Number of protein chains: 2
Amino acid sequence: MSMETDTLPVHLPPDLADGVFPAGCPSRTVLDHITSKWGVLVLVALTEGEHRWSELRRRADGISEKMLAQTLKTLERDGLVLRKSQPVIPPRVDYSLTDRGQELSALLVPLVTWAYDNADSILKGQR
Amino acid sequence: MSMETDTLPVHLPPDLADGVFPAGCPSRTVLDHITSKWGVLVLVALTEGEHRWSELRRRADGISEKMLAQTLKTLERDGLVLRKSQPVIPPRVDYSLTDRGQELSALLVPLVTWAYDNADSILKGQR
DNA sequence: GACATATCTTACCAAAAGGTATGTACCTTA
DNA sequence: TAAGGTACATACCTTTTGGTAAGATATGTC
């Protein structure tokens with residue numbers, strides 16, 4: 001059922017049957033990574049360029065070391081974040097976005113900006 | 001520290017000190033709602049118009065009734081989803097996006113589309 | 001009277017996420 | 001000798017999330 005005429009300007013991938021992302025679909029896994037609480041913050045923190053571990057801890061305010069490590073590992077495995085470690089003492093490691101990461105952050109930044117702009121109004125429960 | 005010349009085309013809200021979203025910030029709460037696993041799927045499911053409970057269950061494939069109820073309640077409280085219930089037997093309830101919800105989904109759809117397009121390549125671990 | 005329908009709610013339990021605290025490595029500075 | 005800086009890893013425990021299954025509802029249908 002359904003064969004809606006398009007009334008809205010926003011569209012899903014056309015090759016997606018009935019607009020349903022199946023439960024086991026790979027896109028679900030990726031979506032979980034990139035919309036994870038800390039994933040978003042870290043990706044956004046890196047939009048303005050390279051940052052070190054301690055800078056990321058400050059920027060993703062409230063993140064624990066454990067979560068930062070875990071999040072960075074996932075994002076690196078996904079090819080979104082690039083890790084450059086220099087064999088110096090004390091250690092120095094710089095994190096940055098890959099091309100793919102930048103592509104993504106270009107979509108994420110408008111989202112967090114929207115959240116930032118609308119947060120007060122939303123939580124007060126009116127418009 | 002920092003006074004970076006802008007090398008990237010993407011920018012955060014300018015009134016945001018050093019690009020840090022503080023931990024207690026209202027935008028964090030909103031961000032958690034709209035980037036939640038099921039929140040995203042439900043919002044996206046509604047981009048193509050009004051849907052009933054049972055249709056949403058199909059579209060947000062894998063969601064449990066409990067989670068659907070909970071997610072819809074949060075999104076309704078946030079003024080993103082509109083609930084229209086008709087006092088008939090059996091009950092009929094239609095869900096749709098509010099204006100604010102449409103604003104948001106316009107940002108969310110590109111994100112899930114990106115995830116869909118890049119998922120295979122990402123999970124294989126190369127580009 | 002039993003059953004089906006559609007939209008939920010609730011209680012209970014398992015799984016996952018995440019915090020805290022501690023440890024490691026190596027060099028520098030006091 | 002001791003303490004401190006930097007980037008982690010690991011074990012343990014708590015909190016949150018989420019699934020399953022059952023029940024509630026009010027009617028019409030067999």
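Heavy atoms only: backbone and side chains are in, while hydrogens, waters and symmetry mates are out. None of these values were measured; they are calculated from a predicted model. Lettering of chains follows the sequences in order, A, B, ..., and the numbering in each one begins at 1.
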Q.
Please check: side-chain N/O of B/R59 versus main-chain N/O of B/V42, any donor-acceptor pairing under 3.5 Å?
A. no
(Q) In this structure, how many angstroms lie between the P atom of D/dT16 and the NE2 atom of B/H33, rounded? (A) 13 Å
(Q) Using whole Å, what does the distance between atom P of nucleotide C/dT10 and atom CG of B/L68 come to? (A) 16 Å
(Q) Taking 4.0 Å as the cut-off, does a side-chain nitrogen or oxygen of B/Y95 come that near to OP1 or OP2 on C/dC8? (A) yes
Q. Between C/dT9, D/dG19, C/dA6, which one does the side chain of B/R52 approach most closely?
A. C/dA6
Q: Return no unless some side-chain N or O of B/K73 is found under 4.0 Å from OP1 or OP2 of C/dC8.
A: no
(Q) Which nucleotide wins on minimum distance to the side chain of B/I89, given the candidates D/dG19, D/dA26, D/dC8? (A) D/dA26
Q.
Donor-acceptor pair, distance only, cut-off 3.5 Å: does the side chain of A/T47 make one with the backbone of A/L43?
A. no
Q) Considering heavy-atom distances to DNA chain D, does B/K37 or A/R92 have its closest nucleotide positioned more toward the 5' end? A) A/R92
Q.
If the test is side chain to side chain contact (heavy atoms under 4.5 Å, CB included), which one of B/L41, B/L82, B/V81, B/T98 qualifies with B/L46?
A. B/V81
Q | N/O (side chain, B/S54) to phosphate O (OP1/OP2, C/dT7) under 4.0 Å | A | yes
(Q) Tell me which one of A/R100, A/H33, A/K73 satisfies side chain to side chain donor-acceptor pair (under 3.5 Å) with A/D78. (A) A/H33
Q: Look only at the side chain of A/R57 and the backbone of A/L68, and say whether a donor-acceptor pair between them is shorter than 3.5 Å.
A: no
Q. Hey, which of these two, B/V93 or A/P91, hits DNA chain C nearer its 5' end, going by closest nucleotide?
A. B/V93
Q: Can you tell me the distance, in whole Å, between the CH2 atom of A/W38 and the C1' atom of C/dA17?
A: 12 Å
Q. Tell me: CG of A/L72 to P of D/dA7, nearest whole Å?
A. 11 Å
Q) To the nearest angstrom, how far is A/E65 atom CD from C/dT24 atom C1'? A) 13 Å
Q.
Here's a test of your reading of the structure: between B/K66 and A/P90, which maps to the more 5' nucleotide of DNA chain C?
A. B/K66
Q. Rounded to whole angstroms, how far apart are CD on B/E76 and C1' on C/dT7?
A. 14 Å
Q) D/dC8 phosphate, OP1 or OP2: any side-chain N/O from A/R83 under 4.0 angstrom? A) yes
